[in-house]
2 protein chains.
Amino acid sequence: MIEATEPFAMFAEAILPSDLPDALYMHLGAIAEQCELAAHEVQTHSGDAEKLIFIAQGSAKLVAKGAGEREQIIGFHFAGDFLRLPCPCEHSYTLVALEDAQLLVFSASQFVELARGEPGILQHLLDQSATMLDRSREKSIVLGRKNACERMASFLLSMARRIGEEQADTIRLTLPMSRREIGESLGLTIETVSRQLTLLRDAQIIETHGRNQVILRHPEELQKRSGWLTRAN
Amino acid sequence: MIEATEPFAMFAEAILPSDLPDALYMHLGAIAEQCELAAHEVQTHSGDAEKLIFIAQGSAKLVAKGAGEREQIIGFHFAGDFLRLPCPCEHSYTLVALEDAQLLVFSASQFVELARGEPGILQHLLDQSATMLDRSREKSIVLGRKNACERMASFLLSMARRIGEEQADTIRLTLPMSRREIGESLGLTIETVSRQLTLLRDAQIIETHGRNQVILRHPEELQKRSGWLTRAN
DNA sequence: GCCGATCCTTGATGCAGATCAATGTCGGCC
DNA sequence: GGCCGACATTGATCTGCATCAAGGATCGGC
């Protein structure tokens, strides 16, 4: 029982205001649908409505499936993220776990209905939307105007900001996604991703250990190579 | 005086709930900053905060400026759109008029502060964010995975949805942007845009008249050529 | 600790779209 | 209505990344 409510507690901690009335807290808990995904498992939404998904643990990719084999990864999401999954009748997007993950799934309309009286929650939701929109716009720049090297540098810096562990003036990354998934996110092939990593490694800017450990030795150099002058994020 | 308040009336019509208390209506009117832009003029934000911008008339492009000459157009916006312009200290985005335009500029924090008590407004704002996010995600697909022909077809269909005038089973478009701007939006060069339009014209799928009139003779054929299976938008 | 499958790296080649270079056309202005 | 400058089209060539094709590393399972 305590076990079962843990993801919701994490959600409340991360998203809900601390002064939320108990009744509303319970209501939100009641409409939250828990969902455990094994690595590479697809989140299958019950019903056809727009969903809000909180990632309590693990990580996931939001994928747009195209005709044939083509897939574009719209974004990666990590523990603590609260994202909107559009109604599947309008866009064929799916959420797929990168590693074992625990999710909390809300019907967007139910959630907003309950949150209507609580401006704090709505505002948090707005802030989340703004962050997602900024990331998505950033991605448009990456995909629209950057070359392979700049894309790779931008990707590593973005991951560093979101899941990097700082150590002295280097940053350690444990990437939960494969080279193929990096490529599908950056609009590159797996071969190009691999080559760019090799170039960065040869230039002593990064180190790689095994398949998914990367150490950014010179983040500032990556910044230079990422092109453009986007500050922060 | 009546003249001067007209854009705000349009804003209220499009965005605000009809049962909004008069006091709040006045408050919102008081913090709204009117702004007239001539074609190609840059919207220069007073102050450094995040802004919400309503386009009362005309059209605009949201541009990310890069190192050197590089520019990526993040999106086009038309009369009735309500968009968020991030704080210029974080992203170097600018809003530039495509043709003469009338805007209403709000400080995002002030606006949300006033709207806190009105779930209707906040929810509308959320819906707008969702629409923007969907468009931006769609753009990621276009830029990440589509070829020149598919990009052009997607662009024309998207414009048709937003500013097209249906006539029998054709759609007439009056594009307020130049070939260069189309290219900067699609991650293509002006030459490639031109060539793709020529190909579509030769295939009798579109007609062009002058520099910015386009008639979509066979929207369904464009749909086929736009790749992927995104439904609606 | 070996084995096999999967994932990754590296090299060779091809092509879509960028770039370079003229020429053509529109539309505003006198 | 003709002229001029900006914009658009068309053609020739070049290039970065995709694609094709082998190996090589990593890791989970036994």
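Lettering of chains follows the sequences in order, A, B, ..., and the numbering in each one begins at 1. Treat the numbers as computed from the prediction; the structure is a model and nothing was measured.
Remark: P of dC7(D) and CD of Gln213(B) are 18 Å apart, rounded to the nearest angstrom. Put simply, CE on Met177(B) is 15 Å from P on dC7(D), counting in whole angstrom units.
For the residue pair Gln213(B)/Thr174(B), the side-chain donor-acceptor check at 3.5 Å is satisfied. Side-chain contact annotation: Ser129(B) with Arg84(B), donor-acceptor N/O pair under 3.5 Å absent.
Not less than 6.0 angstrom separates the ring centroid of Phe8(B) from the ring centroid of Phe54(B).
Taking the screw axis at each terminus of the helix from dG1(C)-dC30(D) to dC30(C)-dG1(D) from five consecutive base pairs, the angle between the two is 50° to within rounding of 10 degrees.
Evaluation of the disulfide bond (SG atoms under 2.5 Å apart) rule for Cys149(A) yields no partner, not counting sequence neighbours. By the salt bridge (Lys or Arg N to Asp or Glu O under 4.0 Å) test, Glu166(B) is found to be paired with no residue, residues two or more places apart in sequence or in another chain being considered.
For Gln167(A), the CD atom sits in a packed shell: over 12 heavy atoms of surrounding residues, nucleotides or ligands are nearer than 6.0 Å. By the 6.0 Å contact criterion, CZ on Arg180(B) is open, its count of non-hydrogen atoms from other residues, nucleotides or ligands being 12 or less.
In this structure, Met152(B) and Leu200(B) approach most closely via the heavy-atom pair CG-CD1, 4.2 Å. What you find for Leu62(A) and Tyr93(A) is that their closest heavy atoms are CD1-CB, 4.1 Å.
Bracketed by its first and final contacts, the part of DNA chain C lying under 4.0 Å from non-hydrogen atoms of chain B reaches from dG17(C) to dG27(C) in 5' to 3' order.
Using a 4.5 Å heavy-atom cutoff, the side chains of Arg225(A) and His218(A) are not in contact.
Residue Arg151(B) is classed as having no contact, given no heavy-atom separation below 4.0 Å to the nucleic acid. Among the heavy atoms of the strands lying under 4.0 Å from Ser178(B) are primed sugar atoms or P, OP1, OP2 only; no base atom is included.
A salt bridge between Glu138(B) and Arg135(B) is absent, with no side-chain N of the basic residue lying under 4.0 Å from a carboxylate O of the acidic one.
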Exercise. List the steps and the verdict of salt bridge (charged side-chain N to carboxylate O under 4.0 Å, His left out) for Glu220(B) and Lys224(B).
Key: CA-CA 6 Å; Glu220(B) 74 291 351; Lys224(B) 269 191 226 159; over 6 Å; no
Practice problem: Starting at the 5' end of nucleotides 25-30 of chain D, put B wherever the base has a protein heavy atom under 4.0 Å, S where only the sugar-phosphate does, and a dash everywhere else. | Solution: BBS---
Could you list all N or O pairs between the protein and nucleotides 15-19 of chain D that sit under 3.5 Å apart?
unit_1: dC17(D); atom_1: OP1; unit_2: Ala148(A); atom_2: N; d: 2.8
unit_1: dA18(D); atom_1: OP1; unit_2: Gly187(A); atom_2: O; d: 3.4
unit_1: dA18(D); atom_1: OP1; unit_2: Thr189(A); atom_2: N; d: 3.4
unit_1: dA18(D); atom_1: OP2; unit_2: Thr189(A); atom_2: N; d: 3.4
unit_1: dA18(D); atom_1: OP2; unit_2: Thr189(A); atom_2: OG1; d: 3.0
unit_1: dA18(D); atom_1: OP2; unit_2: Thr192(A); atom_2: OG1; d: 2.3
unit_1: dT19(D); atom_1: O4; unit_2: Arg195(A); atom_2: NH2; d: 3.0

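The structure places CG of Leu186(B) at 7.5 Å from CZ of Arg151(B), a figure rounded to the nearest 0.5 Å.
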